[in-house]
Structures are given as structure tokens and as C-alpha cells.
Protein chains: 2
Amino acid sequence: MTSDGLAGDLPPGSAGHIPEPVDGPADPGTVRPGGRTARVREAVLRAAGDALAEHGFAGLDLADVAQRAEVGKTTVYRRWGSTTALVADLLVDMAESSVSRTETGSLLGDLRANAHLVRRTLTDERQGALFKAVIAAATCDNRTSDALHAFYATRIKEWAPCVEAAIARGEAPAGTDPHEVIRAVSAPLYYRLLASGDPLDEASAEHAATAAAAAARAGAYVR
Amino acid sequence: MTSDGLAGDLPPGSAGHIPEPVDGPADPGTVRPGGRTARVREAVLRAAGDALAEHGFAGLDLADVAQRAEVGKTTVYRRWGSTTALVADLLVDMAESSVSRTETGSLLGDLRANAHLVRRTLTDERQGALFKAVIAAATCDNRTSDALHAFYATRIKEWAPCVEAAIARGEAPAGTDPHEVIRAVSAPLYYRLLASGDPLDEASAEHAATAAAAAARAGAYVR
DNA sequence: GACTTAATGGAACAGGAGTCCCGTTATGAC
DNA sequence: GTCATAACGGGACTCCTGTTCCATTAAGTC
């Protein structure tokens, strides 16, 4: 099997991970990160995303990714080493691409915008499959799950201000945890995607938003 | 890799799946399901659960499962054929074991009982890891995800009556979807387990229950 | 208890994932 | 432009997953 999920395979950090000067040779990709190296990483991550969306995490084969990226198989194994490490790097890349947030002026309006954005993402053929695969990978490896958590922390932080504004407007009681409210909007949609399998229709997004808004108003998310 | 997630590998149904009389030879385990066959299935499913809890889905190796179950490797490959099919059968087995439901007399009380039960399950070392692994497997294969959805449908159905009772008592508006309320309790806990990684503490269970109750009271789950 | 054959299990086999070696390319520093 | 060497890529090699074959065991029927 690809990875035991716990072995000490250092993920050769190609982004955001500047290693302290170890005596041994540095991880490949860190000393000359420009030009070819960057092009290779870009091509491999795109190929990995495609492969994950098509075959899911269990079907992720590094040799296949190398071929799609038109890159040597050795390179992929040397720089990433395992499927989970590759997914972890993909998540770092995904976290960097920010999504725009809309401001409607009311808590319910903002939460509805968020709910429909999440729903659209998860029902998109490629994106939905990709998220499923990435979450599956994260269940198998600690570093990958760390990267996943960082990804969601980024996204939740981006949307927290709309709850803070709502508190300032008096739409929710003081002491309400903004992150908890944002999580409450996404949670039912992810639950459908991953667990229950119920349809991710427009109504489910509406329910998610109205429920989170009602619960916030009632003070259910006061710390 | 173990399974491409779509190939037409018939999972030799050992439970709940009575095949129509095909001309070809029947799936192994269906003609003489008693005695040894049943013991083998039990041992293999237990071993599969242990292996999943220990190494996660990516680390699931059928040869390892066979050894743990003290069963021939050939038997496991013949009867289940792929890791995802084995997990699907495990889910059928899990769905059969029912969990007791408590009746507290109020919607909030019942939902709190449910939330804490789910939380306890997901934070249990073995059970939590098992659920993660099973969900990961379901993202990779259609039959496995069908089995997972059936599992949750069973569980949700078991708890729906407490919402129906609440509607009858006037605690939630008529037309409220009971299943939606029960899902709303579990969803934030699963979201933490699988996506955001936030701690599954007692407070998170309380929030899940109170939020679902408040949203239901406010009519957020009216169809 | 005897009989048919479904189901199991050991062993040999095949194919592919992942590793290693070493020559080639091109980055970054001067 | 020149140079040292980081990073890449092809191909051979290894080991392990998954398959096939056939002898052995025991479930179900009379």
C-alpha cells in the first residue's frame, strides 16, 4: 500500500515550510525552487487534482500522476514520496487560493451566501470529488490532516467577520463564537456529502443558513 | 492499487443480498452460509475493523486482515475481492447492531442525549478511527457509499421519533422534517472529526444539540 | 452415517508499485 | 558567460499485492 500513514517520511516541503538548517542534504526543491522546479510542482499538483477527482484517493497512483504531469516518475517519488504527502502539498496550494466573500448587510444574507457557495463547490463535479478525496486522504495521515485543518481554518477565518459584524449590529448576542457559526453553516452540507448521502440541493443550503442564523440569534453559540 | 472504485467487481454479498438465480455459479458464501462460512465472516469483519482502526483505510491490506482473522488469504480475496467491498460488508454488519435511544421528555433533552452519544462514539479511540476509515472508504467506491448511506439512514430513522414527539407536544412547528433535525445534531460533530479538526469536547456536543433545538423551534427545518 | 460439492487454505505464480543508480539538464551565484 | 551542483529522467531491479491451481475440509441433504 502507498503509505502507512504514520511512518516518518518527511514531506519535502515545497511551500511555506522553510526547514531549519539541518546538517544532512536539504529536501529536494528547497534550494533551487525557481524555474523548472516550480513548473514541475505546478504540473504535478494539477495532475494530482485531476487524478483525485477522477479516481478518488484509493485510486491515486503516483506513477499515473507523473505521466499526466509529463514528469519523471522518480521525481514525484523523490519530492513527495507518498500519496498522502502529495495531497498535503495540494492542500497547501489550495489554501493559498482565496475565495471572495460577499457582504449583504444581514447575518442571514451573509450566511446564505456562504451556504450556497459551499453547496456549489461541493456539487461541482470536479471540486466535489476532489474534496471527498482530500478528506479521505486526511483520515489516513497526520500531516495531511494538519494541512486540511489549516485549509479550513483559513476559510473559516475569512468568513468570521460577517458574524462579528452581526454581533455588533445586535443580531446575535455578545460572546457568540463567530467560527462556530460559520462551521455550523458548512457542517450539514459536508455531512450530506460524506456521511448521509442526502441530496445537496438548494433547499439544504437554505436550511443550513437559516438554521445557523436562528441558532446564533438564540444564543446557542455563546462560549 | 486495491480498487478503482468503479470496476464491476460484484461484492459477493454475504448478507442482505440475495442474488436472483443466475445461471453461472453463485457467489461464494451464499449456498452454505452456516457454520464455517459464518465463523470466517465474523472473524474477517472483526479483523477488518481492528485493522481499519489501527492503520486507516489507506493502510488496509487484505493479506493482513486474513492473517489477523487466522483465515487463508485466498478466502478473503475470493469472498470480498477488494478493500472497499470488505468495508461495505462491514457497514452492513454495523448497521445491524442497534443503539438504544433514551427518552427524556423534551426535544432539547433528547437531542442532547443524541449529541453526547455521537460525541462519545467519535472520540472513542477505536470507534472514531473506524468511522473515519469507513467514511474514507465510502468516498472511493459507489457500493461502499451506498452501504454507508444505508447505515446512517438506519441510525437517523431510529432517532426521528423524538422529533415527531416534540412536534406533537408543540415544541417545533408542524411540517418540521424530523430527519433534518437529527442530521443537524450529528453534522457539526462529523464536520469537526473529518474537516476542521476542532476538538470534539463536551461543549461542542452541547452547542450541536442546543443549536439544532433552537433552529427547529424557529422553524428552520420546515419543508 | 454416507455422500455431494461448497468453501477453505497452502503454494506457486504474475504483475505492478516503489526504489536505486547514474547520466543529463538547467538553476542560481559569480 | 562560466561554473558547481541541485533537480530531473530513464531504466533496471526488488518486493509485495493480488491471482491461479488444486488438495483438503466440512456444510447441507438424504
Side-chain angles (χ1 to χ4, degrees), chain A residues 1-5 7 9-15 19 21-22 24-44 47-48 51 55 57-86 89, chain B residues 1-4 7 9 11-15 19 21-22 24-44 47 51 55 57-86:
Chain A
M1 196 57 65
T2 296
S3 164
D4 64 8
D9 46 32
L10 317 166
S14 10
V22 198
D27 292 328
T30 55
V31 179
R32 289 179 184 173
R36 180 170 61 170
T37 301
R39 281 197 301 279
V40 165
R41 176 171 182 246
E42 196 181 355
V44 168
H55 303 304
F57 174 63
L60 186 61
D61 170 21
L62 295 191
D64 172 54
V65 169
Q67 199 163 24
R68 284 169 186 257
E70 293 178 310
V71 151
K73 183 175 73 156
T74 316
T75 301
V76 177
Y77 278 106
R78 184 173 31 227
R79 278 187 62 184
W80 289 277
S82 70
T83 52
T84 53
L86 178 57
D89 196 26
Chain B
M1 195 55 67
T2 296
S3 163
D4 63 7
D9 47 23
S14 7
V22 197
D27 292 329
T30 54
V31 179
R32 290 180 184 173
R36 180 169 61 171
T37 300
R39 281 196 302 278
V40 165
R41 175 169 183 247
E42 196 181 357
V44 169
H55 304 303
F57 174 62
L60 186 61
D61 171 22
L62 294 192
D64 172 54
V65 170
Q67 200 162 24
R68 284 170 186 258
E70 294 179 309
V71 153
K73 184 177 70 154
T74 316
T75 300
V76 176
Y77 278 106
R78 182 172 33 226
R79 280 188 59 183
W80 288 278
S82 71
T83 52
T84 52
L86 178 56

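Chain naming here is simple, since letters A, B, ... match the order of the sequence lines and numbering starts at 1 in each. Heavy atoms only: backbone and side chains are in, while hydrogens, waters and symmetry mates are out.
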### Task
Let me know the distance between CG of A:Asp64 and P of C:dA17, rounded to the nearest Å.
9 Å

### Query
D:dC8 phosphate, OP1 or OP2: any side-chain N/O from A:Arg79 under 4.0 angstrom?
yes

## Note on the structure
Testing D:dA7, C:dC21, D:dT17 for proximity to the side chain of B:Tyr77, the answer is D:dT17

## Note on the structure
Between CZ of A:Arg41 and P of C:dT27 the distance, given in whole Å, is 18 Å

### Query
Between the base of C:dG9 and the side chain of B:Lys73, is there any donor-acceptor pair under 3.5 Å?
no

Distances for protein N or O near nucleotides 23-25 of chain D N or O, under 3.5 Å:
{"unit_1": "D:dT25", "atom_1": "O2", "unit_2": "B:Arg36", "atom_2": "NH2", "d": "3.1"}

### Message
Measuring from atom CZ of A:Arg41 to atom CG of A:Leu86, what distance do you get when rounded to the nearest 0.5 angstrom?
### Response
10.0 Å

### Task
Ignoring the backbone of A:Asp61, work out which of D:dC8, C:dG9, C:dG18 is nearest its side chain.
C:dG18

### Query
For B:Ala51 and B:Asp64, which heavy atoms make the closest approach, and how far apart are they?
CB-OD2, 4.0 Å

### Closest approach of B:Ala47 to B:Arg68 (non-hydrogen atoms, all atoms of both residues)
CB-CB, 3.7 Å

#### Entry: Atom-to-atom span, CD of A:Gln67 to P of D:dG10 - whole angstrom
11 Å

#### Entry: Close side-chain approach of B:Trp80 to B:Val44, heavy-atom, < 4.5 Å
yes

### Message
Roughly what angle, to 10°, lies between the helix axis at the start of the helix from C:dG1-D:dC30 to C:dC30-D:dG1 and the one at its end, five pairs per end?
### Response
60°

### Query
What residues, two or more places apart in sequence or in another chain, satisfy side chain to side chain contact (heavy atoms under 4.5 Å, CB included) together with B:Ala43?
B:Ala69

### Message
So A:His55 and A:Asp61, do their side chains get closer than 4.5 Å, heavy atoms only?
### Response
no

### Message
OP1 or OP2 of C:dT25 versus the side-chain N and O atoms of A:Arg39: is any pair under 4.0 Å?
### Response
no

#### Entry: Least distance between heavy atoms, A:Asp27 atom then A:Thr30 atom
O-OG1, 2.6 Å

### Task
Locate the shortest heavy-atom distance separating B:Leu60 from B:Thr83; write the atom from each residue and the value.
O-CG2, 3.6 Å

### Message
Could you tell me if the side chain of A:Arg79 sits less than 4.5 Å from the side chain of A:Asp89, heavy atoms only?
### Response
no

### Query
So does A:Thr74 get a side-chain nitrogen or oxygen closer than 4.0 Å to the phosphate oxygens (OP1/OP2) of D:dC8?
no

### Task
Select base, sugar-phosphate, or nothing to describe what A:Thr37 touches, counting heavy atoms under 4.0 Å on all strands.
sugar-phosphate

### Message
Nearest whole Å is fine: how far is D:dC21 P from B:Arg78 CZ?
### Response
13 Å

## Note on the structure
Separation of D:dC8 atom P from A:Glu70 atom CD, nearest Å, is 16 Å

